[in-house]
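For reference, the structure discussed in these notes is given below.
None of these values were measured; they are calculated from a predicted model.
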Amino acid sequence: MLEYGSSLNLVTLISSVRDYDKMEMIFRQYHPELVFHAAAHKHVPLMETVPEEAVKNNIFGTFNVAKLAQDYGVRKFVMISTDKAVNPTNVMGATKRACEMIIQYMAQNSNQTDYVTTRFGNVLGSNGSVIPLFRRQIESGNPVTVTHPDIIRYFMTIPEAVSLVLEAGAMAHGGEIFVLDMGAPVKITTLAENLIRMYGKVPYKDVPIVFTGLRPGEKLFEELLMDEEGLKSTANKKIFIGNQIEIDPKALEQKLDTLKAAAEANDSDRTVELLADLVPTFHHNEH
């Protein structure tokens with residue numbers, strides 16, 4: 001705002017997607033044409049501890065905003081998903097897969113709003129990115145910590161992720177899962193070694209690398225596509241489309257109602273059990 005002054009028509013509001021009434025008030029006042037939905041609890045180990053909070057925020061927060069988008073005539077609704085939604089082994093990934101299912105459900109039942117999902121991996125420089133952590137560890141003279149010597153992740157930069165999400169949203173017609181090409185997967189150990197060398201130091205000699213063990217819910221390898229999805233190319237070689245999976249609306253609605261009751265009762269074990277029933281590809285704690 002300091003840079004653009006009054007030339008930028010920007011309104012910033014802090015609210016929770018879990019608060020349906022507040023969300024409706026915002027939609028009623030501003031009538032947005034486009035909605036980019038990224039609000040979620042994304043911390044994998046923390047969501048293992050309180051799965052009901054992941055369900056309340058990620059699944060039902062998404063459902064609230066997606067439903068209001070239809071009620072208030074939003075033209076396009078783009079949900080930001082994650083590679084952790086593919087064959088999830090953790091609660092966070094399973095909730096994001098449930099969000100993808102909700103978006104496809106909405107796409108099947110909407111004649112005015114185009115609902116789409118964009119799925120990609122880790123974004124360099126974002127909150128939780130490993131590089132700032134590694135930098136702090138090297139600069140403070142501490143060992144660099146990596147959870148497992150063989151752990152692999154996909155990465156892209158913030159500008160690349162933003163531009164591809166915007167382009168995918170522009171080409172969307174409703175119901176697609178856009179899979180963004182993350183390039184070759186990166187071995188985190190190699191990333192740590194290269195960063196240490198950039199500081200003019202020798203890995204394992206000047207700066208130790210300590211392997212701390214996989215965190216709760218963490219996978220060795222992330223995937224970008226599910227087995228049942230095909231993959232079609234688009235005009236942009238970095239954007240692909242996964243086939244829409246047909247959602248049984250009544251079955252989904254019933255399972256969501258049961259899951260919501262368990263989450264609101266703060267029953268963690270029952271919440272995970274029902275989440276696994278909702279998301280067939282969810283295999284908890286399998287690395």
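For the pair K219 (side chain) and N87 (backbone), a donor-acceptor distance under 3.5 Å is present. The closest donor-acceptor contact from the side chain of N58 to the backbone of H41 lies under 3.5 Å. Between the side chain of T95 and the main chain of I59, no donor-acceptor pair closer than 3.5 Å is present. Of the possible polar contacts, none joining the S110 side chain to the A107 backbone as a donor-acceptor pair under 3.5 Å is found. No side-chain donor-acceptor contact under 3.5 Å links D267 to the backbone of A262. Side-chain atoms of Q104 never come within 3.5 Å of backbone atoms of I247 as a donor-acceptor pair (strictly under, hydrogens ignored). Looking at Q70, its side chain never comes within 3.5 Å of a backbone N or O of Q112 through a donor-acceptor pair.
In this structure, R97 and R119 have side chains that are in contact, with non-hydrogen atoms separated by less than 4.5 Å. Contact check for F27 versus V35: side-chain heavy atoms found under the 4.5 Å cut-off. In this structure, L278 and M101 have side chains that are in contact, with non-hydrogen atoms separated by less than 4.5 Å. Between E218 and N90, the closest side-chain pair of non-hydrogen atoms is not below 4.5 Å. You'll find the side chain of L195 stays beyond 4.5 Å of the side chain of V144, heavy atoms only. F120 is listed as a side-chain neighbour of I80, based on a closest heavy-atom distance under 4.5 Å. Counting heavy atoms from C-beta on, the side chains of I196 and D206 never come closer than 4.5 Å. Side-chain contact between L34 and R75: present, with at least one pair of heavy atoms (C-beta onward) separated by less than 4.5 Å.
Between the CG atom in L220 and the CG atom in L214 there is a gap of 5.0 Å [rounded to 0.5 Å]. Taking CZ of R153 as the reference point, atom CE of M182 lies at 11.5 Å (rounded to 0.5 Å). Atoms CG and CZ, on D114 and F77 in that order, are 12.5 Å from each other to the nearest 0.5 Å. One distance of note links CG of N142 with CZ of F134; it measures 13.0 Å at 0.5 Å rounding. One finds the CG atom of N122 at 7.0 Å from the CD1 atom of I188 (value rounded to the nearest 0.5 Å). Rounded to the nearest 0.5 Å, atoms NZ (K76) and CD (E33) are 11.5 Å apart.
Between the side chains of N266 and K56, a donor-acceptor pair is found at a separation under 3.5 Å. At a cut-off of 3.5 Å, with distance as the only test, no side-chain donor of N236 or T234 sits close to an acceptor on the other residue. Y199 and E139 form a side-chain donor-acceptor contact under 3.5 Å, judged by distance and modelled atom types alone.
Using a 4.0 Å cut-off between charged side-chain N and carboxylate O, E176 and K232 make no salt bridge. Classification of K250 and E253 as a salt-bridged pair fails, no side-chain N sitting under 4.0 Å from a carboxylate O. Here K238 does not pair with E167 in a salt bridge; the nearest charged N to carboxylate O distance is not below 4.0 Å.
Shown here for A168 and T118, the closest heavy-atom pair between the two residues is CB-CG2, 3.8 Å. Minimum heavy-atom separation, F221 to I152: CE2-CD1, 3.5 Å. Taking all atoms of both residues into account, the shortest heavy-atom contact from E100 to S81 is OE2-OG, 2.6 Å. In terms of heavy atoms, P45 sits closest to H43 at CD-ND1, 3.3 Å. In plain terms, the two heavy atoms of Y154 and E222 that are nearest each other are CE1-O, 3.4 Å. Nearest heavy atoms, H284 versus T89: CD2-O, 3.4 Å.
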Working for side-chain contact (heavy atoms from CB on, under 4.5 Å), residues M79 and T62: CA-CA 8 Å; M79 193 198 74; T62 295; 4.1 Å; yes
Test side-chain contact (heavy atoms from CB on, under 4.5 Å) on I102 and Y115 and set out the steps. CA-CA 10 Å; I102 287 170; Y115 289 91; over 6 Å; no
Does T258 form a side-chain contact (heavy atoms from CB on, under 4.5 Å) with D277? I'd like the steps, not just the answer. CA-CA 11 Å; T258 310; D277 182 53; over 6 Å; no
side-chain contact (heavy atoms from CB on, under 4.5 Å) for E53 and L46? Distances and angles first, verdict last. CA-CA 10 Å; E53 295 305 310; L46 287 182; over 6 Å; no
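In H173, the NE2 atom is not crowded: 12 or fewer heavy atoms of neighbouring residues, nucleotides or ligands sit closer than 6.0 Å. D257 CG: more than 12 foreign heavy atoms inside a 6.0 Å radius.
Transitive grouping of hydrophobic side chains (ILVMFWY, heavy atoms separated by less than 4.5 Å) keeps V116 and V65 in distinct clusters. Hydrophobic clustering (ILVMFWY, side-chain heavy atoms < 4.5 Å, transitive): L164 and L166 are in one cluster.
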